[in-house]
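Start at 1 with the first residue, then count along the sequence. Here the structure is a predicted model, which is why all the values come from computation and not from measurement.
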Amino acid sequence: MPALRNYHIFISHSWDYNEQYETVREWLSDASNFTSSNYSVPLSHPIDAKTKKELKEKIRAKISPCSCIIVLSGMYVDYSEWIDFEMDIAQEYGKPIIGVKPWGQQRVPAKVQEMADVMVGWNSLSIVQAVREYAL
């Protein structure tokens with residue numbers, strides 16, 4: 001059997017909703033016949049940066065090698081400078097953006113809808129399938 005492709009993934013999320021990030025991270029980790037490396041910036045491992053400029057450069061360096069970006073698109077995204085920045089960098093690098101609608105949410109921020117290559121529902125199969133289909 002051939003080796004599985006290892007997808008390099010950055011999950012853009014709000015630390016205020018860390019449980020959503022952890023759920024998606026677990027879904028990716030537990031998916032059958034799927035391997036990925038996580039390039040995200042989780043609450044448990046923040047980037048050590050002294051200035052906003054340094055933080056932006058370090059985030060840029062994390063996104064650069066990624067196969068795709070997953071954006072957890074709760075309405076808080078409308079107010080997140082960092083999620084906006086991460087989507088802008090993904091687009092600058094030509095990285096596919098996979099938007100994920102949180103469970104039970106009817107509305108999705110306009111910027112995510114406009115920038116995402118695909119929007120998927122809140123379930124592991126949809127997210128894994130989108131990564132397989134859209135990742136570089």
Side-chain angles (χ1 to χ4, degrees):
M1 177 186 323
L4 294 176
R5 175 179 174 188
N6 183 24
Y7 297 96
H8 299 221
I9 299 172
F10 185 95
I11 304 170
S12 182
H13 65 288
S14 170
W15 283 358
D16 291 338
Y17 297 87
N18 192 60
E19 66 281 351
Q20 292 176 346
Y21 163 79
E22 290 296 338
T23 297
V24 171
R25 186 192 57 75
E26 286 175 25
W27 285 344
L28 294 172
S29 177
D30 295 345
S32 297
N33 300 314
F34 184 84
T35 304
S36 65
S37 296
N38 186 352
Y39 286 74
S40 308
V41 183
L43 178 61
S44 60
H45 294 92
I47 291 175
D48 182 26
K50 299 196 181 351
T51 66
K52 194 173 192 177
K53 180 180 179 185
E54 182 183 7
L55 179 57
K56 285 184 173 186
E57 288 307 312
K58 287 185 176 186
I59 290 172
R60 182 181 292 277
K62 285 188 151 293
I63 292 173
S64 177
C66 288
S67 311
C68 66
I69 309 302
I70 296 174
V71 179
L72 305 183
S73 59
M75 290 310 293
Y76 54 81
V77 171
D78 278 343
Y79 309 102
S80 175
E81 169 189 1
W82 294 107
I83 293 173
D84 275 357
F85 175 73
E86 291 160 358
M87 287 191 297
D88 290 342
I89 294 306
Q91 198 164 55
E92 178 183 317
Y93 286 150
K95 307 293 180 177
I97 297 173
I98 299 168
V100 179
K101 296 180 236 172
W103 178 254
Q105 186 168 307
Q106 300 297 321
R107 295 177 40 219
V108 173
K111 184 164 184 173
V112 176
Q113 285 185 336
E114 291 166 9
M115 294 183 78
D117 292 275
V118 64
M119 293 297 302
V120 298
W122 181 254
N123 66 73
S124 60
L125 293 176
S126 295
I127 295 169
V128 169
Q129 181 58 38
V131 171
R132 284 183 171 133
E133 186 174 338
Y134 287 89
L136 300 175

*Would you indicate whether the side-chain heavy atoms of Glu92 and Ile89 approach each other to under 4.5 Å?*
yes
*Identify the heavy atoms of Gly99 and Ala116 that sit nearest to each other, and give their distance.*
N-CB, 4.0 Å
*If you look at every heavy atom in Ser12 and Ile69, which pair is closest and at what distance?*
CB-CG2, 4.3 Å
*List the steps, then state whether side chain to side chain contact (heavy atoms under 4.5 Å, CB included) holds for Tyr39 with Cys66.*
CA-CA 7 Å; Tyr39 286 74; Cys66 288; 3.6 Å; yes
*Sequence neighbours left out, what pairs pass side-chain hydrogen bond (donor to acceptor under 3.5 Å, both in side chains) with at least one residue falling in residues 49-59?*
Lys52-Glu81, Glu54-Lys58
*Considering all heavy atoms, the nearest Val120-Ala130 contact*: CG1-CB, 3.8 Å
_Could you measure the distance from the SG atom of Cys68 to the CZ atom of Arg132? Nearest 0.5 Å is fine._
12.0 Å
*Determine whether Arg25 and Ser40 make a side-chain contact, defined as any pair of heavy atoms from C-beta on separated by less than 4.5 Å.*
no
*asked:* Assess whether a salt bridge exists between Glu114 and Lys111, defined as any Lys/Arg side-chain N lying under 4.0 Å from an Asp/Glu carboxylate O.
replied: no
*Check whether more than 12 heavy atoms from other residues, nucleotides or ligands sit under 6.0 Å from atom CH2 of Trp103, and answer yes or no.*
no
*asked:* Could you check whether any side-chain heavy atom of Ile70 comes within less than 4.5 Å of a side-chain heavy atom of Ile127, counting everything from C-beta outward?
replied: yes
*Do Trp122 and Leu72 come close enough that some side-chain heavy atom pair is under 4.5 Å?*
yes
*Euclidean distance, Gln113 CD relative to Lys101 NZ, rounded to 0.5 Å*: 8.0 Å
_ILVMFWY cluster, Leu55 and Leu43 together (side-chain gap under 4.5 Å)_ = yes
*Side chains of Asn38 and Leu28: closer than 4.5 Å at any heavy-atom pair?*
no
*About how many Å separate CD1 of Ile59 and CD1 of Ile63, when rounded to the nearest 0.5 Å?*
7.0 Å
_Taking Asp16's backbone N and O only, do any of them form a donor-acceptor pair with Ser14's side chain (distance below 3.5 Å, no angle check)?_
yes
_side chain to side chain contact (heavy atoms under 4.5 Å, CB included) evaluation trace for Gln129 with Val118_ = CA-CA 11 Å; Gln129 181 58 38; Val118 64; over 6 Å; no
*Does a side-chain heavy-atom distance below 4.5 Å link Ser73 with Met119?*
yes
_Is the shortest side-chain heavy-atom distance between Asp88 and Met115 below 4.5 Å?_
yes
*From CA spacing to verdict: side chain to side chain contact (heavy atoms under 4.5 Å, CB included), Ile47, Lys62*: CA-CA 10 Å; Ile47 291 175; Lys62 285 188 151 293; 4.1 Å; yes
*Within the side chain of Thr23, is there an N or O that forms a donor-acceptor pair under 3.5 Å with the backbone of Glu19?*
yes
*Indicate if Met87 and Tyr93 have the same hydrophobic cluster label, given that clusters are the connected sets of ILVMFWY residues with side-chain heavy-atom separations under 4.5 angstrom.*
yes
*Do side-chain atoms of Trp27 reach the backbone of Val128 as a donor and acceptor pair under 3.5 angstrom?*
no
*Which pair of heavy atoms, one from Ala135 and one from Pro96, lies closest together, and at what distance?*
CA-CG, 4.2 Å
_Let me confirm one number: the NE2-NZ distance from His8 to Lys95, rounded to the nearest 0.5 Å._
10.0 Å
*Would you check if Ile9 and Ile98 make a side-chain contact, meaning some heavy-atom pair closer than 4.5 Å?*
no
*Give the minimum heavy-atom separation between Ser126 and Gly121, together with the two atoms involved.*
CB-O, 4.0 Å
*Measure the OG-CZ distance between Ser64 and Phe10 for me, rounded to the nearest 0.5 Å.*
12.0 Å
